[in-house]
Amino acid sequence: MKFNRLWIGIILLFLISGLWYIVNRSNFINEILGFGLKPIWKGISFSGSESRSFFEHYLFLINLKKDNERLKQEVLILKSQLAQYKERERIYKKLENFYKISFNLKYPKVAAQVIYKPLDPFSGIIFIDKGSKNGIMPQMPVLAAAGGEAVALIGQVVEVYKSWSKVILLTHPSFAADVKIIRTGDRGILKGKAEKYCDLQYLPSTADVKPGDEVITSGQDALFPKGLLVGKVIRVGRDPSQAVFKLAEVAPLVDFHNLDLVFVLLKIPEIPL
Amino acid sequence: MNFKDFVFIFLPLFFLSLFAKIFFTNFFLVYPGNILFSLAIATLTFVDSGLCLYFFLFILGYITGLDNNLEFLTSLYFLSILLIWKKLKTILQLEISKTRLYWWLVNILLFLTFQNLIYFYRLDAPIDWEIIENIIIKNIYYLTITLLWILIFYRILKSLLNKEDEKR
C-alpha cells in the first residue's frame with residue numbers, strides 16, 4: 001500500500017514535471033526548490049559575507065580596556081549600522097558607476113545580486129536573484145564592474161527560473177566565447193577549465209600576442225556583443241594539442257570570489273542555438 | 001529511517017549543513033568541502049532502510065548537484081550508494097572503526113572519480129601538467145575536508161541516535 005502510494009507520487013511528479021517543462025521550458029523541481037531556498041541562500045550568503053567584513057573591520061576592537069566595554073558595544077552597534085549604510089551606499093555607487101561606464105552598451109541591463117556561489121572546485125557557477133519575470137533568458141551575457149573603471153564579461157546565463165537563474169562563469173569548463181586581442185586584432189576562442197585562468201585557444205601561430213594584452217569579445221559568436229572586456233593575457237605558448245595554433249592563458253578582470261552584484265545584458269542570441 | 005527521526009534529527013541536520021556550506025563559503029571565501037555528501041555518508045553509516053531515507057538522499061544529491069549543474073545525475077548517484085551500501089553492509093563490519101574509516105575514504109574517492117570524470121568530459125582544453133597538478137591538489141583538499149565533515153556528522157548522529165534509542 002505504502003509503495004503503491006510512493007509510485008503514484010513518483011508518477012505524478014514526473015507528469016507534473018513533464019507538463020511544466022512543455023509549458024515553461026524549465027525544471028519543475030528547481031522552480032520549487034528555488035522558491036523555497038532563495039531566501040535561505042540569500043540570507044546565509046549575506047550573513048556570511050557580513051560576518052566576514054565585520055571581522056575584517058572590527059577585530060582590532062577586541063583588545064580595548066574593560067571599562068570601555070559599554071562604550072565599545074555602542075560603538076560597535078553604531079559602526080555596524082554605519083557599515084550597513086556604507087554597504088547600501090557602495091551598492092548604489094556601484095550601480096551608478098556601472099550604468100555610467102556601460103553607457104555605450106545599447107542593450108538594456110538588469111542588476112542582480114549573487115545569492116549563492118558554491119566555489120565548487122570542478123565547475124564555476126553562481127546563482128542570481130533575478131529570473132524570467134525580470135526578462136532574463138538563457139544565454140544572456142552577465143557583466144560586472146571591474147575595478148570601478150570598466151565593465152567586464154563574467155559569464156553567461158544557463159538556466160532561468162521564475163525568480164532566480166544559474167550563471168556559468170568564464171572559468172566553467174562549459175563556457176566558450178569568441179574573443180580577440182585589442183592590440184593585434186587576433187581572434188581566438190576563450191574556454192574555461194575550472195581553474196583560476198581561462199584558455200585562449202585557436203590563436204593563429206603568427207599572432208604577436210604578449211602577456212598584458214587585453215582581451216575583448218569579438219561579437220562574432222552572436223552571443224556576446226562586441227567590445228566587452230574579458231581579461232588580460234598572462235602567458236602565451238604553442239598549443240600542445242594543435243601545433244598550428246598558439247595557446248594563451250587569460251586572467252579574468254573580475255575577482256569571482258568577491259562577486260556580489262552583477263548585471264545581465266538583456267541580449268537575445270542573434271542565432272538561436 | 002522512520003518519519004520521526006527524519007523530521008527531528010535528519011531534517012534539522014540537513015538545514016544545519018546547508019547553513020554551514022553557504023556560511024563558510026562566504027565567510028572564508030574558500031570551498032568548504034562537500035558537506036551534504038558527508039551528511040549522506042554519515043547517515044548511511046547508521047541507517048540503510050526506509051522511504052524517508054530514499055527521499056532524504058534524493059534531496060541531498062539534488063542540492064549537491066545544483067553546484068555543478070548535474071542535479072538528477074548526482075541524486076541518482078546518491079541513491080545508488082544506498083543500494084551498494086545495503087548489499088555490502090553485512091560483509092563490511094562497519095562497527096570496526098578502521099574499516100569504517102577506509103569505507104568512508106573509498107566512498108569519497110568514488111565520488112571524486114565521478115566528479116573528475118564529469119570534469120574531464122566537459123573540459124575542452126589541452127591537459128597539461130599544471131592542470132593535473134591543480135586537480136591533485138583540489139582532490140587532496142576535497143578528500144581531507146570532506147572526511148573531516150563525515151567525522152563531525154558521525155559524532156553528531158551517534159550521540160543523537162543513541163539518545164533516541166535510550167528514550168525508546
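Every chain is numbered from 1, with letters handed out A, B, ... down the list of sequences.
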In chain order, what residues pass the side chain to side chain contact (heavy atoms under 4.5 Å, CB included) check against B:I136, with sequence neighbours excluded? B:I132, B:I140
So for atom [atom1], which belongs to [X], do other residues, nucleotides or ligands contribute more than 12 heavy atoms lying within a distance under 6.0 Å?
X	atom1	value
A:K232	NZ	no
A:F245	CZ	yes
B:Y102	OH	no
B:K86	NZ	yes
B:F114	CZ	yes

Contact origin within [X] toward chain A - heavy atom pairs under 4.5 Å:
X	result
B:F24	neither
B:Y121	neither
B:I118	neither
B:F120	neither

How far apart are the C-alpha atoms of B:E71 and A:N30, what are their side-chain angles, what is the distance that settles it, and do they pass the side chain to side chain donor-acceptor pair (under 3.5 Å) test? CA-CA 9 Å; B:E71 293 92 332; A:N30 276 6; 2.9 Å; yes
Do you know which of A:E50, A:Q201, A:K196 has the most heavy-atom pairs with chain B at a distance under 4.5 angstrom? A:Q201
Among A:I189, A:I125, A:D199, which residue has the highest count of heavy-atom pairs closer than 4.5 Å to chain B? A:I125
Working to the nearest 0.5 Å, report the span between [atom1] of [X] and [atom2] of [Y].
X	Y	atom1	atom2	value
B:R122	A:F175	CZ	CZ	14.5 Å
B:F23	A:S49	CZ	OG	9.0 Å
B:N134	A:K193	CG	NZ	8.5 Å
B:N26	A:S47	CG	OG	7.5 Å
B:F72	A:I29	CZ	CD1	4.0 Å
A:I44	B:F19	CD1	CZ	5.5 Å

Do the side chains of B:T25 and A:Y116 get nearer than 4.5 Å, heavy atoms only? no
A:R235 vs B:E130 side-chain heavy atoms within contact, under 4.5 Å: yes
Which atoms form the tightest heavy-atom contact between [X] and [Y], and what is the distance?
X	Y	value
B:Y119	A:F122	CD1-O, 3.7 Å
B:L29	A:R52	CD1-NE, 3.6 Å
B:P126	A:L247	CG-CD2, 3.7 Å
B:K138	A:P121	NZ-O, 2.7 Å

Greatest number of non-hydrogen atom pairs under 4.5 angstrom with chain A, of B:L18, B:D124, B:I127, B:V30, falls to B:D124
Against chain B, label A:F46 side chain, backbone, both or neither, depending on which of its atoms sit under 4.5 Å from a heavy atom there. neither
Of all the residues in residues 56-69 of chain B, which have a heavy atom that comes within less than 4.5 Å of a heavy atom in chain A? B:F58, B:Y62, B:I63, B:L66, B:D67, B:N68, B:N69
